[in-house]
Amino acid sequence: MSVALLEADALVMRYGGVTATDHVSLRLNRGEVLGVIGPNGAGKSTLIGLLGGALRLSEGRIRFDGEDVTALAASERARKGIGRTYQIPRPFLDMTVRENLLAARFSLHPFGSGAQARQACDAILERCGLADAAQWPCRELPLLRRKRLEVARALALEPKVLLLDEVGAGLVDHEVSELIELIGSLRSQVQGIIVIEHVLRVVRECCERLLVIHFGKPFAEGSTKDVLASDEVAAVYLGTAHATQRDHDATTALPGDTTGNATAAPVATAATGAVRAPVLELRGICAGYGQARVLDGVDLAVWPGQVVAILGTNGAGKTTLSQVISGTIRPTAGTLLVDGHDVTGLPAHRIARLGLAQCLEGRRIFAPLTVEENLLLPARSVAAAVRAERLERVYALFPDLKERRHHAGTAMSGGQQQMLAIGRALMSQPRLVVFDEISLGLAPIMMDRLYLALAQLRQAGMTMLIVEQDVERALDLADEVHVMEHGRFALSGAAALIRHDPRLRHLYVGTAD
């Protein structure tokens with residue numbers, strides 16, 4: 001076989017006791033576009049960081065253009081011809097578009113002619129569809145153009161191989177089409193491209209081969225057509241590879257009422273003549289980040305005692321939705337109601353006082369505090385006896401936490417930290433909890449333990465909103481399901497109906513009907 005343009009052999013990356021990349025190997029041949037896909041938390045961005053040199057390997061070897069570059073820093077790899085983009089564009093905001101490219105160009109040719117550098121940069125801007133924006137300050141660029149600028153800056157370093165990290169994230173359909181056209185045009189500009197992407201339309205239309213990563217390990221590899229047609233790959237995206245929640249005995253009663261007899265909103269009955277209202281309601285919610293519009297007219301109602309799941313691929317808008325509910329992001333349009341009262345624009349701490357708790361993506365454990373100190377924070381204003389009672393309920397739900405109550409919160413495994421994040425949310429005795437991607441990056445057995453705990457909470461009457469990528473686990477738990485696509489609900493209904501709806505698979509690994 002000919003010498004590969006880029007070759008990675010048994011790459012391993014460890015963060016403390018967590019193995020994020022576990023003996024991943026890949027080969028990129030000259031003239032090839034290789035796609036790397038996998039569910040959220042699979043280790044894709046870690047892999048691109050290893051290939052580009054931003055992260056240091058724990059084990060393994062990387063060869064580029066026949067040379068071992070394992071020990072080289074990211075800057076040296078860039079000078080040798082490994083260019084990359086970032087999922088979140090990182091331009092110099094107070095510089096113009098052309099100046100951003102010139103900075104990259106002069107880092108490669110510090111003593112080159114200024115006129116030649118401008119000529120080369122203008123040619124790249126023309127190729128990337130940015131010629132008309134050459135004099136714009138970068139902070140004025142919309143998201144798609146910032147994505148194009150990421151590619152243009154990488155091209156200014158004259159790369160042989162281009163690593164594209166989630167360039168399709170956050171783009172709407174017509175922008176994805178433009179991006180696909182751009183990637184196709186780059187095949188004559190560079191010798192090889194690796195596309196790491198959640199937007200499967202991009203890899204379907206751009207890549208000859210795919211590598212699927214799951215829990216940091218190689219899961220499948222082959223032609224794009226064969227890999228995307230695989231039921232096993234679909235199971236990785238839909239989460240169907242696990243034993244269903246019904247296989248567990250989730251009927252174990254918790255000691256006392258874990259939800260503190262306050263999980264349901266004060267709902268008026270027919271006898272009172274009052275109008276029943278949802279605990280939480282969203283009407284026409286729109287929201288985003290700067291010029292990027294993420295949510296586009298979302299309507300949602302969560303009733304007392306109900307479990308509602310929000311599903312969708314990465315970039316669909318799920319986490320933005322949870323942040324709007326918590327008050328950390330203010331909607332640009334629409335209304336947020338709690339118990340029928342308009343709370344749109346209220347700060348997060350005031351929404352939390354209404355009984356809405358958030359179990360955030362990423363856990364957010366306070367590192368200097370012990371497990372028990374982390375748990376006690378939300379209950380610090382209640383009487384000592386009540387606080388102790390709540391604490392024992394959490395320990396009954398998660399015995400691991402009681403065993404480690406005096407350990408540092410961040411000294412535990414990822415799964416145990418997720419237990420701590422859930423327990424901390426419960427300590428405020430909430431009426432509704434938003435669980436945002438609690439299975440992210442965890443081993444299947446730990447996911448099963450967490451969802452068993454949620455099933456027990458449901459039986460105790462907890463009102464929950466589950467924001468999740470793992471479809472099967474969410475379907476096992478939820479009463480009602482909404483599947484997001486491009487900031488809207490593309491599919492909604494009872495969990496039993498959604499499970500068998502053929503549009504569900506299309507929304508994850510194909511084009512929705």
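Contacts classified as side-chain hydrogen bond (donor to acceptor under 3.5 Å, both in side chains) and involving residues 114-123 (residues at least two apart or in different chains) are given here: Arg98-Asp122. Annotation: salt bridge (charged side-chain N to carboxylate O under 4.0 Å, His left out) contacts involving residues 181-195, sequence neighbours excluded, comprise Arg187-Glu208.
Applying the salt bridge (charged side-chain N to carboxylate O under 4.0 Å, His left out) test to Asp68 and every residue at least two apart in sequence or in another chain returns nothing. With sequence neighbours excluded, the residues forming a salt bridge (charged side-chain N to carboxylate O under 4.0 Å, His left out) with Arg488 are Asp296, listed by chain and number. Not a single salt bridge (charged side-chain N to carboxylate O under 4.0 Å, His left out) links Glu126 to another residue, sequence neighbours left out. Scored by the side chain to side chain donor-acceptor pair (under 3.5 Å) test, Ser492 finds His482 as partners (sequence neighbours excluded). Legend: residues meeting side chain to side chain donor-acceptor pair (under 3.5 Å) with Glu403, ordered by chain and number and at least two apart, are absent. Residues that satisfy the side-chain contact (heavy atoms from CB on, under 4.5 Å) test with Ala421, not counting sequence neighbours, are Cys359, Arg363, Ile365, Gln418. With sequence neighbours excluded, no residue satisfies side chain to side chain donor-acceptor pair (under 3.5 Å) with Ser25. A search for side chain to side chain donor-acceptor pair (under 3.5 Å) contacts involving Arg404 returns nothing, not counting sequence neighbours. Remark: Arg424 pairs with no residue by the salt bridge (charged side-chain N to carboxylate O under 4.0 Å, His left out) rule, at least two apart or across chains. Here Pro91 pairs with Pro89, Leu93, Asn100, Cys138, Leu149 under the side-chain contact (heavy atoms from CB on, under 4.5 Å) rule; sequence neighbours left out.
No donor-acceptor pair closer than 3.5 Å links the side chain of Arg63 to the backbone N or O of Glu7. At least one donor-acceptor pair closer than 3.5 Å links the side chain of Arg77 to the backbone N or O of Thr70.
Note: Leu6 CG to Ile62 CD1 = 7.0 Å, rounded to the nearest 0.5 Å.
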